[in-house]
Amino acid sequence: MEVGRGAAVLELGCGKGDRLAALAALGVRPVGVDISAVQVAAAATRWGSTVEVHQADALHFLSHTSDYYDAVYSAFGAHWFTDPDVLLPAIRERLRPGGTLVLAHLPPGDRIEPDEPTVVRSTLAMVLRWEGEAHQWASLLRHHGFVAPSACAILPPHGARTERTVVLRSRVPARPPRTAQGTTTPAT
Ligand SMILES: C[S@@+](CC[C@H](N)C(=O)[O-])C[C@H]1O[C@@H](n2cnc3c(N)ncnc32)[C@H](O)[C@@H]1O
């Protein structure tokens with residue numbers, strides 16, 4: 001699904017809402033959710049009514065909204081701090097057929113065994129995070145019914161002391177097409 005003008009896009013863990021504001025400028029209808037009252041207040045001060053930001057835990061928000069989204073994303077946001085076996089099904093519920101999910105985070109470094117079958121819980125500097133290499137996230141996404149997961153790494157500028165950013169993109173299956181008899185054929 002292409003996310004163009006008028007698309008409804010949800011950011012989980014939106015912080016001060018900078019990405020949402022950029023999307024608003026492109027004609028997208030951006031909605032953000034962040035658990036931190038401080039971040040939500042900062043988003044309101046910085047962007048006013050340009051962006052719609054809710055103060056809530058991402059999982060709680062997804063479980064209580066009746067809205068559907070064309071795309072959901074989390075950039076170093078809630079997916080990093082929430083059990084993905086609980087969060088991914090909740091995201092799936094609120095994505096329109098064919099809708100896109102994008103997750104961005106730092107790689108796990110040497111804390112994670114690359115032959116682990118899936119994303120695992122780890123603690124770094126007292127912060128609980130769910131971490132994995134791109135292939136581990138991809139396998140978890142498939143397990144929860146997302147299709148066509150793909151990953152890319154964005155490298156920091158030469159000499160920078162930051163790590164690469166891993167970006168995963170996936171989508172929920174499109175609704176199966178109707179046949180002439182009014183029945184449906186299975187999604188791939
Ligand atoms: C590292 S910041 C990233 C903020 C923003 N995405 C950005 O890139 O500028 C992580 C954000 O996720 C929010 N967050 C963490 N766990 C969350 C949860 N369970 N539900 C909603 N927001 C959460 C934090 O309050 C924080 O604003």
Side-chain angles (χ1 to χ4, degrees), residues 3 7-26 28-95 99-109 111-112 119-132 134 137 140-141 144 146 151-157 160-170:
V3 177
V9 175
L10 174 67
E11 178 171 1
L12 304 174
C14 63
K16 296 180 178 62
D18 297 357
R19 289 187 179 85
L20 295 171
L23 287 172
L26 296 173
V28 166
R29 188 171 74 78
V31 178
V33 55
D34 201 288
I35 202 167
S36 158
V38 174
Q39 295 280 54
V40 172
T45 303
R46 192 174 283 187
W47 302 113
S49 60
T50 302
V51 300
E52 176 186 330
V53 177
H54 300 263
Q55 189 206 336
D57 170 68
L59 193 54
H60 181 89
F61 180 85
L62 288 163
S63 315
H64 287 81
T65 184
S66 55
D67 291 339
Y68 289 94
Y69 296 91
D70 300 297
V72 173
Y73 70 98
S74 168
F76 308 95
H79 81 285
W80 223 12
F81 309 105
T82 308
D83 184 347
D85 282 325
V86 182
L87 187 67
L88 292 176
I91 294 172
R92 221 196 127 171
E93 279 291 305
R94 304 320 316 169
L95 272 171
T100 301
L101 171 64
V102 176
L103 307 174
H105 48 248
L106 298 179
R111 299 182 295 282
I112 302 300
V119 172
V120 296
R121 203 165 73 154
S122 87
T123 310
L124 180 70
M126 306 286 284
V127 179
L128 199 59
R129 291 204 305 223
W130 272 262
E131 300 198 276
W137 278 102
L140 193 61
L141 285 161
H144 286 291
F146 290 82
C152 68
I154 301 174
L155 300 177
R161 291 175 59 196
T162 51
E163 294 189 72
R164 70 189 197 275
T165 298
V166 177
V167 182
L168 285 131
R169 185 185 170 126
S170 189

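For the single chain, residues carry numbers from 1 onward in sequence order. Remember, it's 1-based here, ligands and their atoms both numbered in the order they're listed.
- A pairwise comparison of heavy atoms in Leu20 and Pro30 identifies O-CG, 3.4 Å as the closest pair.
- Protein heavy atom at the shortest distance from atom 15 (C) of ligand 1 is Phe81 CD1, 3.5 Å.
- Ser63 places a side-chain N or O within 3.5 Å of a backbone atom of Leu59 that can act as its donor or acceptor partner.
- Contact analysis puts Glu11 in contact with ligand 1, with a non-hydrogen atom separation below 4.0 angstrom.
- For ligand 1, one of its N or O atoms has an N or O atom of Ala75 under 3.5 Å away.
- Of all heavy-atom pairs spanning Arg164 and Leu106, the tightest one is O-CD2, 3.7 Å.
- Relative to atom 13 (C) of ligand 1, the option among Asp18, Leu128, Leu20, Asp34 with the closest non-hydrogen atom is Asp34.
- Shown here for Phe146 and Leu95, the closest heavy-atom pair between the two residues is CE2-CD1, 3.9 Å.
- Rounding to the nearest 0.5 Å gives a distance of 14.0 Å between CH2 of Trp130 and NE2 of His105.
- Contact atoms of ligand 1 toward Ala56: 20 (N), 21 (C) (distance under 4.0 Å to a heavy atom of the residue).
- Counting atoms of ligand 1 from 1 in the listed order, those under 4.0 Å from a heavy atom of Cys14 are 5 (C).
- The structure places CG of Leu103 at 6.5 Å from CD1 of Ile91, a figure rounded to the nearest 0.5 Å.
- The option with the heavy atom closest to atom 5 (C) of ligand 1, from among Gly13, Ala43, Ala58, is Gly13.
- For Ala7 against Asp70, the heavy-atom pair with the smallest separation is CA-OD2, 3.3 Å.
- Residue contacts with ligand 1, taken as heavy atom pairs separated by less than 4.0 Å, involve Thr82 solely via side-chain atoms from C-beta onward.
- Considering CG of Asp83 and CZ of Arg121, their distance stands at 8.0 Å, rounded to 0.5 Å.
- Atoms of ligand 1 lying under 4.0 Å from any heavy atom of Phe76, numbered from 1 in the order shown and given with element: 1 (C), 2 (S), 3 (C), 10 (C).
- Below 4.0 Å from some heavy atom of Asp57 lie the following atoms of ligand 1, by number and element: 18 (C), 19 (N), 20 (N).
- Shown in contact with Arg19 at under 4.0 Å from a heavy atom are these atoms of ligand 1, numbered in order with element: 5 (C), 6 (N), 7 (C), 8 (O), 9 (O).
- At least one N or O atom of Ile35, backbone or side chain, sits closer than 3.5 Å to an N or O atom of ligand 1.
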